[in-house]
Engineer: 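One structure follows; several queries about it will come next.
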Amino acid sequence: MATFQCDIVSAEKEIFSGNVEQLIAAGVAGDLGILRGHAPLLTELKPGPVRVIQESGEEELYYVTGGFLEVQPDVVSVLADTATRASDLDEAEAEQARQHALASLNEKQTELDYARASAELAEATAQLRTLQQLRRKGGRG
Amino acid sequence: MAAGKEIKSQIGSIKNTQKITSAMEMVAASKMRRAQERMVASQPYAKLIRRVVGHVAKANPEYRHDYMIERDVKRVGYIVVSSDRGLAGGLNVNMFKAVVKHARDWDQKGVGADFAAIGSKAGGFFRKRGGNLLAAKKGLGDAPEAQDLVGSVKVMLDAFDEGSLDRLYVVYNEFVNTMSQKPVVRQLLPLEAVEDESGGDEQPSPGDTQKSWDYLYEPDAKTLLDHLLVRYVESQVYQAVVENAACEQAARMIAMKNATDNAGDLIDDLQLVYNKARQAAITQEISEIVGGAAAV
């Protein structure tokens, strides 16, 4: 299958760079799967998993907290705010963060708190989603 | 032996100074290593977002963002990145010279300039020289954080949005290597459509084959470009700050090394003068005694 160059960076460091067959990311308007020859595209990313399938068929799973995705005919750039390898995520911590966010959402304080809490909730949920994907992959492999 | 004592105390005070400068040199050397690591770590993001924005500038979008439109220049803005502390050789001074020269070139065309000062040295400089300061930020410390800069950058971007600035530059020291830092003035806004640094690498630009192409935007062009371009400016300024921090430590290390070496030279010279004076005194005493004995 045709491959394309893919670069994933976060504000702190370079996360991934190499040839991939497919990249799957969570855009604001829904999940995207990018193959070679995709039309030029610019999108913002939601907190969520970014999955790349490499030439060798190996998969890498990352978690990003948001950012941008740019697709050019043969190069794809992911500009993540922060990114971590999915295997570095801590499920217990994510679950705890989710519960905490839910609790503060229910308290319904000022609008600012509400916005922050819902952002936190989205992040925690996205982390859990990433972990689920990771586990499913592990189950399959 | 009065002169001898004076020289002795002078040597003592120079030795103390030397101890301080050599300590500062070592501190700067270890800080430089960390600053350099930070600089290298944030480079990929800055580079990649520059590439993306370079593509965007070449595209033919349905929505032309203000930042992409070249307009008549009536006023320019500079974000000047300096260090917070001195004793870094000519680092800040060279950069201020570059800014002043650049601003004067504009001035001759009747274009005024506004400044945003990052780092207390730049703040002090423009307050003394009387430049028009829109924003000042100091106390970033050794590990600057991107969110600390958002405020100052926003002031300049707002001025650009309102149309009170037509061009925005960032000025900082580029880290060439430990021994040399080069002040650079880089244009941030409006985006330069034909950037020499955008490509250089692999991709054949789509503009060659078909004249007009555009991205698919999600959610929509306006929201996306607003966010992306603000992020772009922030990341470039952040990169400038981190790079300048590495320059600062390198420059300080070299400056302090020179100071330590100079102190050593001074001590050697003074020691020679002291020894001569001592020897002269002894010789004189002996000749006096001999003279006295002969007289008896």
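Quantities reported herein were computed from a predicted structural model and do not represent experimental measurements. Per chain, numbering begins at 1; letters A, B, ... match sequence-line order.
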Engineer: Supply the atom-to-atom distance A:L79 CG to B:R231 CZ, rounded to the nearest 0.5 angstrom.
Structural biologist: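 One gets 9.0 Å once the value is rounded to the nearest 0.5 Å.
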
Engineer: Identify which of A:D81, A:V71, A:L32 forms the greatest number of heavy-atom pairs closer than 4.5 Å to chain B.
Structural biologist: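 Looking at each option in turn, the highest pair count goes to A:D81.
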
Engineer: Just list the side-chain donor-acceptor pairs under 3.5 Å for residues 34-44 of chain A, sequence neighbours left out, or say none.
Structural biologist:
{"residue": "A:R36", "atom": "NH1", "partner": "A:T3", "partner atom": "O", "Å": "2.9"}
{"residue": "A:T43", "atom": "OG1", "partner": "B:E218", "partner atom": "O", "Å": "3.4"}
{"residue": "A:E44", "atom": "OE1", "partner": "B:H227", "partner atom": "ND1", "Å": "3.1"}
{"residue": "A:E44", "atom": "OE2", "partner": "B:H227", "partner atom": "ND1", "Å": "2.9"}

Engineer: Counting heavy-atom pairs under 4.5 Å to chain A, which of B:V52, B:D220, B:I49 comes out on top?
Structural biologist: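 Counting heavy-atom pairs under 4.5 Å, the top option is B:V52.
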
Engineer: Measuring only between side-chain heavy atoms, which start at C-beta, is B:L228 closer than 4.5 Å to A:E70?
Structural biologist: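 The answer is no, as the side chains (C-beta and beyond) never meet within the 4.5 Å cut-off.
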
Engineer: Heavy-atom distances under 4.5 Å only: say whether A:I15 touches chain B with side chain, backbone, both or neither.
Structural biologist: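 For A:I15, neither part sits under 4.5 Å from chain B.
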
Engineer: Counting a contact as any heavy-atom pair under 4.5 Å apart, which residues of residues 31-48 of chain B contact chain A?
Structural biologist: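 Those residues of residues 31-48 of chain B which have a heavy atom under 4.5 Å from chain A are B:A41, B:S42, B:P44, B:Y45, B:L48.
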
Engineer: Is the CD atom of A:Q99 crowded by more than 12 outside heavy atoms at less than 6.0 Å?
Structural biologist: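 Yes.
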
Engineer: Check each atom of A:S17 against the heavy atoms of chain B and say whether the ones under 4.5 Å are side chain, backbone, both or neither.
Structural biologist: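 Neither; nothing under 4.5 Å.
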
Engineer: Give a yes or no on whether A:E58 atom CD has more than 12 heavy-atom contacts from other residues, nucleotides or ligands under 6.0 Å away.
Structural biologist: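 No, not enclosed.
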
